[in-house]
2 protein chains.
Amino acid sequence: MAEIARLAGVDTSTVSRALAGSPRVTKETRALIDKIVHETGYVVNETARHLRGGRANQILVIVSDIAAPFYSDVVQGIVETLAERGINVLLGVTLRQAKREAQLAKQLLTGVVDGIITVTGSIPKPVLSMPGFERKVLAISRAVPHEGVTCVTIDNCAATRQVMQHLHQRGHRRIVYIGGPNYSETYRDRRGAYADFMRENGLAELARMRATDSFNDDADSGFHIMKSILNEGDRPTAVFCATDELAIGAMAAARQADQIIPRDISFFGFDDLKLTPLMSPPLSTVSVPRFEMGRRGAEALFRQVYKDAPSSSKVVLDHRLILRDSVATIV
Amino acid sequence: MAEIARLAGVDTSTVSRALAGSPRVTKETRALIDKIVHETGYVVNETARHLRGGRANQILVIVSDIAAPFYSDVVQGIVETLAERGINVLLGVTLRQAKREAQLAKQLLTGVVDGIITVTGSIPKPVLSMPGFERKVLAISRAVPHEGVTCVTIDNCAATRQVMQHLHQRGHRRIVYIGGPNYSETYRDRRGAYADFMRENGLAELARMRATDSFNDDADSGFHIMKSILNEGDRPTAVFCATDELAIGAMAAARQADQIIPRDISFFGFDDLKLTPLMSPPLSTVSVPRFEMGRRGAEALFRQVYKDAPSSSKVVLDHRLILRDSVATIV
DNA sequence: ATCGCCGATACAACCGATTGCATTGTTGGC
DNA sequence: GCCAACAATGCAATCGGTTGTATCGGCGAT
């Protein structure tokens with residue numbers, strides 16, 4: 001910028017103002033500066049701007065694993081939305097290790113980012129000691145156990161209830177639940193709503209809930225759980241999987257055991273991943289607005305961090321049941 | 001830092017050196033400073049450090065769409081690797097628009113990032129005018145048309161040839177190719193190797209190549225292409241899909257037309273996505289080391305940017321054929 | 001006892017922009 | 001024709017660190 005100022009025969013402050021579009025520079029000066037900037041290919045140093053301005057214009061997104069389709073869709077929504085607003089997205093993956101999460105937290109403390117969107121259901125510890133962190137952090141999909149932090153999610157209990165009602169109406173009673181690890185609020189909600197429904201409908205004794213090992217909730221774990229269920233005898237007529245990934249694995253296990261879906265066993269998923277209509281058979285599932293969750297979360301955090309908007313407690317988006325061909329009617 | 005210096009009764013330069021582990025500070029001073037730092041919860045301002053040091057310790061990853069499973073796996077590999085080295089990853093998605101790509105390029109020019117990993121097969125124009133950009137840019141999966149830029153990829157031609165040989169040995173002659181848009185070098189290579197193989201084996205007249213519309217290469221496009229192929233009559237005995245996503249869609253279309261796979265039609269995919277062994281039937285495919293591509297690419301760029309290593313032209317990783325149950329033998 | 005050397009720390013410039021305030025020059029009013 | 005007011009620009013401090021060089025003090029050697 002000093003170079004530009006020299007060439008234009010003005011001070012750097014004038015160049016700065018000209019570039020910022022301040023009304024305090026003449027058209028002529030502005031034109032001259034613009035011309036020189038164009039000729040020399042000069043671009044401002046964002047780092048210096050950040051240092052002076054105190055804003056990094058960057059937001060950190062924390063997921064446990066970007067390779068999981070659910071998260072990558074959410075992140076896509078976030079990145080698109082923030083890019084439109086000139087905000088960069090830093091991507092952090094925790095691999096479900098608290099240590100990594102703590103490392104990532106430093107990015108906020110050291111001023112590398114202005115805010116954090118977490119899709120893991122937890123806030124890195126070091127962040128909690130920051131005064132006013134509530135406005136700088138936002139949770140998507142999984143709520144975090146902290147007052148004042150905005151959370152964008154869906155109504156997991158209501159959705160689960162609707163799924164169960166559907167299965168029940170179709171004549172299913174012997175319904176198994178396959179879910180992910182219960183440290184996740186999402187899975188706790190879905191499992192809880194399942195259990196409640198079974199109890200309320202006098203099916204408490206038929207309720208069977210299975211969760212994946214420790215940290216796994218991918219298709220493979222669904223496959224293995226389903227395999228063990230099939231080996232136990234006393235087969236269910238329907239399986240409610242807490243995610244489509246689990247359902248894809250579970251259906252594969254059923255097919256491998258020569259079960260015809262849905263004739264022998266029905267399946268219901270959750271998420272409506274892009275691939276599920278192409279499964280064999282197309283999977284009935286709950287549509288979860290993943291991109292939209294990302295978009296809304298990004299918008300909300302943007303307003304909180306850069307526009308001084310207050311944080312709200314919860315933003316609940318709509319879900320809806322997608323009925324395809326994986327559920328049979330029992331007569 | 002000034003505050004720390006004041007409390008410790010020393011100069012900021014001493015604090016800086018103490019924190020940096022310089023041998024030029026006494027144990028006592030260091031201990032005192034460490035204690036005060038700990039008590040006050042002080043953390044350095046990375047932005048200031050970057051301004052002075054000229055390094056952002058950030059690298060930009062450009063993909064067209066993080067929601068595509070192929071890309072999200074590559075990105076996972078990149079993020080893990082760079083995190084280990086203390087480098088942040090900025091994620092940029094182009095949605096295949098040159099405009100967005102150009103915007104992202106600015107991050108390098110303005111010093112926000114020190115390097116770029118592109119998985120789109122192209123380098124943003126503004127970057128090309130940077131002297132020495134070759135060392136700051138690296139391509140993964142798809143090569144870029146620029147001398148001196150390192151590219152991490154696999155041998156698409158060899159892999160395609162092996163697939164075709166396999167299908168040929170199993171008795172298939174009427175083999176269709178379904179690929180993505182040909183502006184991508186990857187798809188051109190795979191299609192070219194397919195065409196060559198057909199010609200070299202006297203099957204030139206049976207060669208049929210279909211590409212998806214413009215920018216689409218997801219499962220849905222595979223579905224629609226397959227549907228139109230089935231409508232044309234003169235059905236192929238085998239379909240070679242240039243990606244697993246296309247294959248998943250194509251298989252769904254075949255099933256919907258009451259074709260039994262592989263009895264009526266065989267399928268071969270490419271990528272070995274995590275879900276393909278769970279398909280119905282499990283898909284034969286080419287294993288592509290996506291995480292490893294990300295890791296190796298990240299390592300190489302890290303060395304180039306931060307360790308002054310020279311750029312190499314090409315890093316070719318191993319692929320291998322995964323034979324499952326989607327290909328029948330024709331007698 | 002004095003000189004020289006060395007280790008520990010302080011001083012100050014620097015990275016590259018932004019911005020409040022001072023200064024300069026011009027114009028308009030009376 | 002002089003002064004006030006205002007528009008345009010320059011000056012300099014600032015953001016928060018890092019680092020080359022200067023300074024200070026103590027100790028060993030002669």
Side-chain angles (χ1 to χ4, degrees), chain A residues 1-38 40-58 86 88 106-114 130 306, chain B residues 1-38 40-58 86 88 106-114 130 306:
Chain A
M1 180 173 273
E3 177 71 3
I4 302 292
R6 199 178 56 72
L7 291 173
V10 297
D11 190 79
T12 57
S13 57
T14 303
V15 175
S16 175
R17 282 191 255 266
L19 263 41
S22 158
R24 286 172 54 186
V25 277
T26 27
K27 288 186 200 66
E28 294 75 31
T29 312
R30 185 187 309 276
L32 175 61
I33 291 175
D34 282 350
K35 178 165 154 286
I36 296 178
V37 164
H38 191 80
T40 56
Y42 163 83
V43 283
V44 297
N45 180 315
E46 285 294 333
T47 310
R49 184 176 272 182
H50 295 166
L51 178 59
R52 172 68 213 233
R55 283 183 175 178
N57 290 326
Q58 301 194 138
N88 294 325
K106 276 201 184 159
Q107 307 301 330
L108 185 61
L109 304 177
T110 60
V112 172
V113 299
D114 305 319
M130 248 183 124
Y306 300 109
Chain B
M1 181 173 275
E3 176 72 2
I4 304 290
R6 198 180 57 72
L7 291 173
V10 297
D11 190 79
T12 58
S13 58
T14 303
V15 176
S16 176
R17 282 191 250 268
L19 263 40
S22 158
R24 286 171 55 185
V25 276
T26 22
K27 288 186 201 65
E28 295 74 32
T29 312
R30 186 187 308 277
L32 175 62
I33 291 175
D34 282 350
K35 180 165 152 285
I36 296 178
V37 164
H38 191 81
T40 56
Y42 164 83
V43 283
V44 297
N45 179 313
E46 284 294 334
T47 309
R49 185 176 271 182
H50 295 166
L51 178 59
R52 171 69 212 225
R55 284 184 176 178
N57 289 326
Q58 300 195 139
N88 294 326
K106 276 200 185 163
Q107 308 302 329
L108 184 61
L109 304 178
T110 60
V112 171
V113 299
D114 304 319
M130 250 184 124
Y306 301 109

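So that the names make sense, note that chain A is the first sequence line, chain B the second, and so on, each numbered from 1.
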Given [options], identify the nucleotide with an atom nearest to the side chain of [X].
X	options	answer
A:M1	C:dC21, C:dA17, C:dT9	C:dA17
A:D11	C:dC11, D:dC11, D:dA8	D:dC11
A:A48	D:dG10, C:dA10, C:dA17	C:dA17
B:R52	C:dC15, C:dT9, C:dG16	C:dC15

Can you check the [X] [atom1] to [N] [atom2] distance for me, whole Å?
X	N	atom1	atom2	result
A:E28	C:dT26	CD	P	14 Å
B:H50	C:dA17	NE2	C1'	17 Å
A:R24	C:dT23	CZ	C1'	12 Å
B:E3	D:dC15	CD	P	13 Å
B:L32	C:dT9	CG	C1'	14 Å
B:K27	C:dT9	NZ	C1'	16 Å
A:E46	C:dG16	CD	C1'	11 Å
B:I33	C:dA8	CD1	P	13 Å

How is [X] classified with respect to the nucleic acid when contacts are heavy atoms under 4.0 Å: base, sugar-phosphate, or nothing?
X	result
A:R49	sugar-phosphate
B:T26	sugar-phosphate
B:V25	sugar-phosphate

B:D34 side chain reached by B:R30 side chain, heavy atoms, under 4.5 Å: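 The answer is yes; the side chains approach within 4.5 Å.
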Note, A:T47 side chain near B:T47 side chain (heavy atom, < 4.5 Å): yes
Residue whose closest nucleotide on DNA chain D lies nearer the 5' end, B:T14 versus B:L51: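 With B:T14 and B:L51 compared, the 5'-side residue is B:L51.
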Residue pair B:N57 / B:D114: nearest heavy atoms and the distance that separates them: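 That closest heavy-atom pairing would be N-OD2, 2.7 Å.
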Does OP1 or OP2 of [N] have a side-chain N or O of [X] closer than 4.0 Å?
X	N	answer
B:S13	D:dG17	no
A:Y42	C:dA17	yes
B:T12	C:dA10	no

Presence of donor-acceptor pair under 3.5 Å, side chain of A:R17 and base of D:dT9: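 No such pair is found, so the answer is no.
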Base C:dC15 paired with A:T47 side chain (donor-acceptor, <3.5 Å):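 Under the 3.5 Å cut-off, the side chain and the base do not form any donor-acceptor pair.
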Donor-acceptor contact below 3.5 Å, side chain B:S22 vs main chain B:R24: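 Flag set: sc B:S22 to bb B:R24 pair under 3.5 Å.
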Chi angles and distances behind the side-chain contact (heavy atoms from CB on, under 4.5 Å) call for A:L19, A:Y42: CA-CA 11 Å; A:L19 263 41; A:Y42 163 83; 3.7 Å; yes
B:Q58 side chain to A:Q58 side chain, donor-acceptor N/O pair below 3.5 angstrom: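 Yes.
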